[in-house]
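Numbers restart at 1 for each chain; the letters A, B, ... are given by sequence-line order, proteins then strands. None of these values were measured; they are calculated from a predicted model.
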Amino acid sequence: MSENSPEKEVVVKKNFIHQIIDEEINEGKNGGRVHTRFPPEPNGYLHIGHAKSICLNFGTAQKYNGLTNLRFDDTNPSKEDTEYVESIKEDVRWLGFTWDDREYYASDYFGKLFEFALKLIREGKAYVDNQDAETISNQKGTPTRPGIESPFRNRTIEENIDLFMRMKNGEFNEGEKVLRAKIDMASPNMHMRDPILYRIIKTPHHRTGDKWCVYPMYDFAHGQCDYWEGITHSICTLEFEVHRPLYDWFIDQLKEGDYRPRQIEFARLNLSYTVMSKRKLLELVKDHHVNGWDDPRMPTISGLRRRGYTPESIRNFSERIGVTKVDGIIDVALLEHSIREDLNKKAQRVMGVLDPLKVVITNYAEDRIEEMDAINNPENPDAGTRKVAFTREIYIERDDFMEYPPKKFYRLSPGTEVRLRYAYFITCTDVVKDENGNIIELHCTYDPASRGGNSPDGRKVKATLHWVSASENVKVEVRLYDRLFNDEDPAGHKDIDFKEFMNPDSLKILSGCYVEKFVENAKALDSFQFERLGYFNIDPDTRTGRLVFNRTAQLRDTWSKLKDK
RNA sequence: UGUCCUGUGGUGUAAUUGGCAACACGUCUGACUCUGGAUCAGAAGAGUCCAAGUUCGAGCCUUGGCAGGACAACCA
């Protein structure tokens, strides 16, 4: 942002991680270097919670003139795929961050990790266990009861090396043998009770193919990768807090100089009226409750992008919510505020009618077409003006008219005068109904002297309505989105499935909407403000001759609040 | 009957490291306006989980409680 920019910067408050870093820099730890990493597993699409982590990791490095690596945590071939690698890279880039050539994969380190495991075996700190998963699990004890040692715990080093090599060579089946660290089966921390280091998986890996059939566990890979990459701050979410002693144990076995990476945990993002776990999002996709990972109702980055959210709005949002160790739920209203704030500054204004009601201006010539001047963006004078065609027959929004208006309604009703934005004052003279009493059209008269929207006699009107010419327009489809769930915390109910709270009206498709011709050549993802309604962008589903708009967010609407009282 | 983490307005974060609770969103007024938008001005809303203690003074320190969360995958 340039120095002379009048725009408000979101105030960056110092979070607890930055405080830790400041202290470390004072102590001269790691030479004052800051190097972070964003480490997704390529087994699904990124969501707004990941965006928080991305902004934290890349943002922290930027703040301290450090670097951030992109590292794929691909230690489990049975869950991962290159499709996800590509979508993750696209999303991180779209958010505005770059990792230059520092794109790493845990699988890059399979060789070094194997050597490290061998070293632990030689030092008597790891052993091969023949027992099956259930037996090992039973021996592990419970959080309140210590575990018992495996009968294979004290094999000789030679035997362990031999067995581990044979595991690697594919001589055993999945589940037959694992490599475990020899730490402490009585530790109060479950993760220190001889954790599994390697397991046998015979599914081909998306990068290394069938070169390997033994794969390191997360705990045995993550910290070591951090170490080898020179990461100084390994920022992860709260559930890894209890893994930290193990993270440090491995680093102790590996460490040679003074440098050491530090794991710091923060609270993951929870948003009201949505779910955030990959498992639940996957369920919504698989069971067709939504139309894919990039459904505009999804909290995925691809969904938000398609919905019309901008990278800036998501970055501002991430900054605003802060970083702490307190588990909470952020109000989606804050996310919505972030996108409105951004689009208000940037979006091209346009008039569009979603629920059209025809208005005939009886004293306006039939063949006449006038080009009215309209402002493209009142927040940005440089955006200039455009022409909007005005004709005898136009459409207005159906709920901008009421035959019997309540007290505070000051839009159109029989006998009242309103302004058509950028056009004329009109007065309603007749309400035309069908045989069932439904209003099918309105007859109005216009005041020719009010051209442009002001009357020379200084007469005031209380309302300004948006409108679209009935002949000079583009007919479009508009998709209205609402929250996916009606409950603030759909996943927070013990005995009720989160899907019970799904909002049946989260998607409404309107096919008979009219927008001024200006949008005719808009491209996918272009954003507009439909005046008085909200922000809408072009959905990628759009094909030539058939524009499809997504509603990104509604404008704040004082009338709808009054109406409900 | 364990270990670790966390408790500040409705929500999310702050509080110069002990000096009398601030900011944002939301809510409610009012002004202005050719968007009932934006903008501007203002208001309400917490006495910081509880209790005791140290201190002239505690959201920050001490002790003891209470509440919530994480941990028992050959997932990450």
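Nucleotides B:A76 and B:A14 place their P atoms 32 Å apart, quoted to the nearest Å. As rounded to the nearest Å, B:C4 and B:A46 have P atoms that lie 36 Å from one another. Atom P of B:A15 sits at a distance of 29 Å from the matching atom of B:C71, rounded to the whole Å. Remark: the separation of the C1' atoms in B:A31 and B:G36 is 15 Å, to the nearest Å. Remark: the separation of the C1' atoms in B:G69 and B:A52 is 27 Å, to the nearest Å. Across the C1' atoms, B:U48 and B:U6 are found 15 Å apart, a figure rounded to whole Å. Taking atom P on both B:A22 and B:G42, the two are 15 Å apart, rounded to the nearest angstrom. The separation of B:A51 from B:A58, taken at their P atoms, amounts to 14 Å, rounded to a whole angstrom.
Comparing B:A72, B:G36, B:A76 against the side chain of A:D73 picks out B:A76 as the nearest. Among B:G36, B:C74, B:G26, the nucleotide with an atom closest to any side-chain atom of A:L562 is B:G36. The side chain of A:V242 lies closest to B:C71 when the candidates are B:C75, B:G69, B:C71. The A:T144 side chain lies nearest to B:G2 when the options are B:G69, B:A76, B:G2. Closest to the side chain of A:Y218, out of B:U35, B:C74, B:A76, is B:A76. Distances were taken from every side-chain heavy atom of A:L334 (C-beta onward) to each of B:A24, B:C5, B:U35; the shortest belongs to B:A24. Distances from the side chain of A:R340 to the nucleotides B:G37, B:G26, B:G36 place B:G26 closest.
Within the 4.0 Å cut-off from OP1 or OP2 of B:U27, at least one side-chain nitrogen or oxygen of A:K561 is found. A:H466 has no side-chain polar atom (N or O) that falls below the 4.0 Å cut-off from OP1 or OP2 of B:U35. Residue A:S137 has a polar side-chain atom (N or O) positioned under 4.0 Å from OP1 or OP2 of B:A73. Side-chain N/O atoms of A:R199 include one lying less than 4.0 angstrom from OP1 or OP2 on B:C75. For A:N76 and B:C75, the shortest distance from a side-chain N or O to OP1 or OP2 is below 4.0 Å.
A donor-acceptor contact under 3.5 Å is formed by the side chain of A:E379 with the base of B:G37. Not a single donor-acceptor contact under 3.5 angstrom links the side-chain atoms of A:H191 to the base of B:A70.
Nucleotide B:U39 has B:A31 as its partner under the Watson-Crick or G-U criteria, with both atom distances under 3.5 Å. B:G68: Watson-Crick or G-U partner is B:C5, with both key distances under 3.5 Å. Here B:U55 sits opposite no nucleotide as a Watson-Crick or G-U wobble pair (both hydrogen-bonding atom distances under 3.5 Å). Pair assignment for B:C23 gives B:G12, based on Watson-Crick or G-U wobble hydrogen-bonding distances that are each under 3.5 Å. Base pairing of B:A44 is not made with any nucleotide, judged by Watson-Crick or G-U wobble geometry with both donor-acceptor distances under 3.5 Å.
By the 30° and 60° cut-offs, the orientation of the rings of A:Y215 relative to A:H205 is parallel. Relative orientation of the A:W559 and A:F409 rings is perpendicular, given thresholds of 30° and 60° on the angle between their planes.
Nucleic acid contact class of A:Q131 (heavy atoms, under 4.0 Å, all strands): base. Among the protein residues, A:V178 comes within range of the nucleic acid bases, having at least one heavy atom under 4.0 Å from a base atom. Using a 4.0 Å heavy-atom distance criterion, A:T558 is classed as a sugar-phosphate-only contact. Within the nucleic acid shown, A:Y424 has no heavy atom closer than 4.0 Å to any nucleic acid atom. Heavy atoms of A:T324 sit under 4.0 angstrom from primed sugar atoms or phosphate atoms, though from no base atom. Counting non-hydrogen atoms under 4.0 angstrom, A:R411 reaches a base of the nucleic acid. If you check every strand for non-hydrogen atoms under 4.0 Å, A:K408 touches a base. Residue contacts for A:N344: at a heavy-atom cut-off of 4.0 Å it reaches a base atom on one of the strands shown. If you check every strand for non-hydrogen atoms under 4.0 Å, A:T75 touches sugar and phosphate atoms only. Within 4.0 Å of A:E336, counting heavy atoms only, lies no atom of the nucleic acid at all. Residue-level contact check: A:G175 touches the bases, meaning some heavy atom is under 4.0 Å from a base atom. Contact annotation for A:V323: backbone-only contact, meaning every heavy-atom pair under 4.0 Å involves sugar-phosphate atoms and none involves a base. A:Y410 comes within contact range of at least one nucleobase, with a heavy-atom separation under 4.0 Å. If you check every strand for non-hydrogen atoms under 4.0 Å, A:Y422 touches a base.
Residues A:E24 and A:H233 bring a donor and an acceptor atom of their side chains to less than 3.5 Å of each other. A:N169 and A:E171 are not linked by any side-chain donor-acceptor pair at a separation below 3.5 angstrom, with hydrogens and angles left out of the test. With hydrogens and angles left out, the side-chain atoms of A:N189 and A:R244 include no donor and acceptor closer than 3.5 Å. At a cut-off of 3.5 Å, with distance as the only test, no side-chain donor of A:N377 or A:E379 sits close to an acceptor on the other residue.
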query = Hey, mind stepping through A:E370 and A:R451 against salt bridge (charged side-chain N to carboxylate O under 4.0 Å, His left out) and telling me if it holds?
reply = CA-CA 10 Å; A:E370 276 185 276; A:R451 189 179 199 281; 2.4 Å; yes
ask   = Step by step, would you call A:D489 with A:I329 a side chain to side chain contact (heavy atoms under 4.5 Å, CB included)?
value = CA-CA 8 Å; A:D489 186 14; A:I329 300 178; 3.7 Å; yes
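The shortest distance between side-chain heavy atoms of A:V468 and A:V515 does not fall below 4.5 Å.
Nucleotide B:G47 carries a syn base; the chi torsion (O4'-C1'-N9-C4 or O4'-C1'-N1-C2) is within 90° of 0.
Across the protein-nucleic acid pair, A:N270 atom CG and B:G12 atom C1' stand 12 Å apart, rounded to whole Å. For A:M217 and B:A73, the CE to P distance is 10 Å, given to the nearest whole Å. Following rounding to the nearest Å, A:I321 (CD1) and B:A14 (C1') show an atom-to-atom distance of 16 Å. The separation between A:N138 atom CG and B:A73 atom C1' is 14 Å, rounded to whole Å. Nucleotide B:A72 holds its P atom 16 Å from the CZ atom of A:R145, rounded to whole Å. Distance, A:D219 CG to B:A72 P: 11 Å, rounded to whole Å. The distance from atom CD1 of A:I17 to atom P of B:C5 is 16 Å, rounded to the nearest whole Å. Rounding to whole angstrom units, CZ of residue A:R320 and P of B:A14 are separated by 15 Å.
In terms of position along RNA chain B, the nucleotide closest to A:R556 lies nearer the 5' end than the nucleotide closest to the other residue of the pair A:R556 and A:I200. Toward the 5′ end of RNA chain B lies the nearest nucleotide of A:L533, the other residue of the pair A:F240 and A:L533 mapping further downstream.
A salt bridge is defined here as a Lys NZ or Arg NE, NH1 or NH2 lying under 4.0 Å from an Asp or Glu carboxylate O, and A:R532 with A:D400 meets this definition.
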